[in-house]
Amino acid sequence: QIQLVESGGGLVQAGGSLKLSCAASGRTVSSFSSAAVGWFRQAPGKEREFVAGISWNGVATTYRNSVKGRVTISRNNTKNTAYLQLNSLSPEDTAVYYCNLGYYSDYVKDGSPGAYWGQGTQVTVSS
């Protein structure tokens, strides 16, 4: 079993930045380095949506159009951790952000998540 724990969320003013982390642990933590990682978000009253994805080796990345140029996904497999750098934040970015393990091809094709989720971290952007 693998556990994913997100951190780094908080309250920030519009135009600000945050860096989210997703740390993997557990008996099968070694599987983290062979899995793609995705970040998703869910705003109040809305469905969960794909934000960004990164391949197992960090070579390939994909983003939803609305965050391109403002968001960067990265990973450090030696630390079993993935990151999401959020810049130029706006109130529309307010949501709970979730880390996910899945298939990179699914992230690219239609933003479909894999089976493993973290508990989420709240990002609130004030105007």
Distance from Ser74 atom OG to Gln85 atom CD, nearest 0.5 Å? 8.0 Å
When you compare the side chains of Asn87 and Ser17, does any donor N or O come within less than 3.5 Å of an acceptor on the partner? yes
Is it true that Thr124 and Gln122 share a donor-acceptor pair across their side chains at a distance under 3.5 Å? yes
Testing Ile54, Thr72, Val71, Val108 one by one against Thr61 for a side-chain contact (heavy atoms from CB on, under 4.5 Å), which residue passes? Ile54
Geometric class of the Tyr107/Phe50 ring pair [parallel <30°, tilted 30-60°, perpendicular >60°]: parallel
For residues Leu84 and Val123: do they belong to one hydrophobic cluster (side chain heavy atoms under 4.5 Å, members Ile, Leu, Val, Met, Phe, Trp, Tyr)? yes
Does one hydrophobic cluster hold both Ile2 and Val37, with members joined at side-chain heavy-atom distances below 4.5 Å? yes
Ignoring hydrogens, what is the shortest heavy-atom contact between Gln3 and Gly26? Give both atom names and the distance. OE1-CA, 3.3 Å
Minimum heavy-atom separation for Tyr104 and Ser55, please, with both atom names. CD1-N, 3.6 Å
Ring-face cation contact, Tyr98 with Arg48, 6.0 Å cut, 45° max: yes
Can you check whether Val125's main-chain N or O pairs, donor with acceptor, with Asp93's side chain at less than 3.5 Å? no
Tell me, do Phe32 and Leu101 make a side-chain contact under 4.5 Å, heavy atoms counted? yes
Determine whether the aromatic ring centres of Phe40 and Trp117 lie less than 6.0 Å apart. yes
